[in-house]
Amino acid sequence: MRKKIAVFASGFGSNLQALIDFNTDGDLGGDIALVFSNDPKAFALKRAKKHNIRAGSINPSGFANRQDFEVEILKILKEEKIDLIVLAGYMFLLTPLIIGEYKNRILNIHPALLPSFKGTRGIKDAFEYGTRISGVTVHFVDGEPDNGPIIMQAPVFISQDDTLDEFEKKIHKVEHKIYPQAVKLFCGDKLKIEGRKVEILPE
Ligand code: GRF
């Protein structure tokens, strides 16, 4: 059965675009049925609409707490029968409600080699630290930010001449390459979680 995917994005949505493009040129093994944002101005929503994908936002500030906000999101996810949530620059922390409901069915991409440089400034922090190798991590989401079992990692070298801007471009290029691959593995039921480890099953 093809998986139904919801992409959560708060901003530019270049990773969303990479997933859409992958499904145009090839096959993720699933369909992006929904793009959700906490910000009505997110460019990711425009990208989705351009490709006729259902897209919308809910403003979290209209709710008493994050859990009430997620109750509304869950209604939409259930309505669309979503199997997999793909976080792509979603800048709003999930609560145990959605994480519990979608246990082992939420993926995130982080622009550093976890567990190094966690947090929202992974690219800048790695660059300023002076590290020579950073990279990209795709992982399952558990209750702690940037913590769940790692599916895939790819290195990105920081050369002496790189500006932060150049380094950032290199990171994004790698993100756009590996995120669709990881989503495809999930959609093909090729990921088996054993504690902290993720086994990639053979074809
Ligand atoms: C990416 O760098 C991703 O690793 C991080 O947020 C950024 C989102 O970029 N979680 P975009 O909105 O997909 O262009």
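Counting starts at 1 for both ligands and their atoms, following the listed order.
- Ranking the protein heavy atoms by distance from atom 7 (C) of ligand 1 puts Gly89 CA, 4.1 Å first.
- Using a 4.5 Å cut-off between side-chain heavy atoms of Ile, Leu, Val, Met, Phe, Trp and Tyr, with links allowed through other members, Leu34 and Val183 fall into different hydrophobic clusters.
- The nearest heavy-atom contact from the protein to atom 9 (O) of ligand 1 is Asn15 ND2, 3.8 Å.
- Backbone and side-chain nitrogen or oxygen atoms of Asn108 are examined, and none is located within less than 3.5 angstrom of a nitrogen or oxygen of ligand 1.
- Shown in contact with His172 at under 4.0 Å from a heavy atom are these atoms of ligand 1, numbered in order with element: 2 (O).
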Could you give me the CA-CA distance, side-chain angles and deciding distance for Ser10 and Asn38, then say whether side-chain hydrogen bond (donor to acceptor under 3.5 Å, both in side chains) is met?
-> CA-CA 6 Å; Ser10 302; Asn38 58 312; 2.7 Å; yes

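- Ion pairing of Lys169 with Glu166 is absent here, as no side-chain N (NZ or NE/NH1/NH2) approaches a carboxylate O to less than 4.0 Å.
- Among protein heavy atoms, the minimum distance from atom 14 (O) of ligand 1 is reached at Ser14 OG, 2.5 Å.
- In this structure, Gly13 counts as a contact residue of ligand 1, since one of its heavy atoms falls inside 4.0 Å of the ligand.
- Listed by number with element, the atoms of ligand 1 under 4.0 angstrom from any heavy atom of Phe12 are 12 (O), 14 (O).
- Applying the 6.0 Å contact sphere to NZ of Lys184 captures no more than 12 heavy atoms from other residues, nucleotides or ligands.
- Gln153 places no side-chain N or O within 3.5 Å of a backbone atom of Leu113 that could act as its donor or acceptor partner.
- Here the options are Ile20, Ile85, Ile53, Val86, the test is side chain to side chain contact (heavy atoms under 4.5 Å, CB included), and the partner is Val7; only Val86 passes.
- Ion pair Arg47/Asp21 not flagged as a salt bridge, since none of the NZ, NE, NH1 or NH2 atoms sits closer than 4.0 Å to an Asp/Glu carboxylate oxygen.
- Here the heavy atom of the protein found nearest to atom 4 (O) of ligand 1 is Glu175 OE2, 2.3 Å.
- At least one N or O atom of Ile109, backbone or side chain, sits closer than 3.5 Å to an N or O atom of ligand 1.
- For the pair Ala88 and ligand 1, the shortest N or O to N or O distance does not fall below 3.5 Å.
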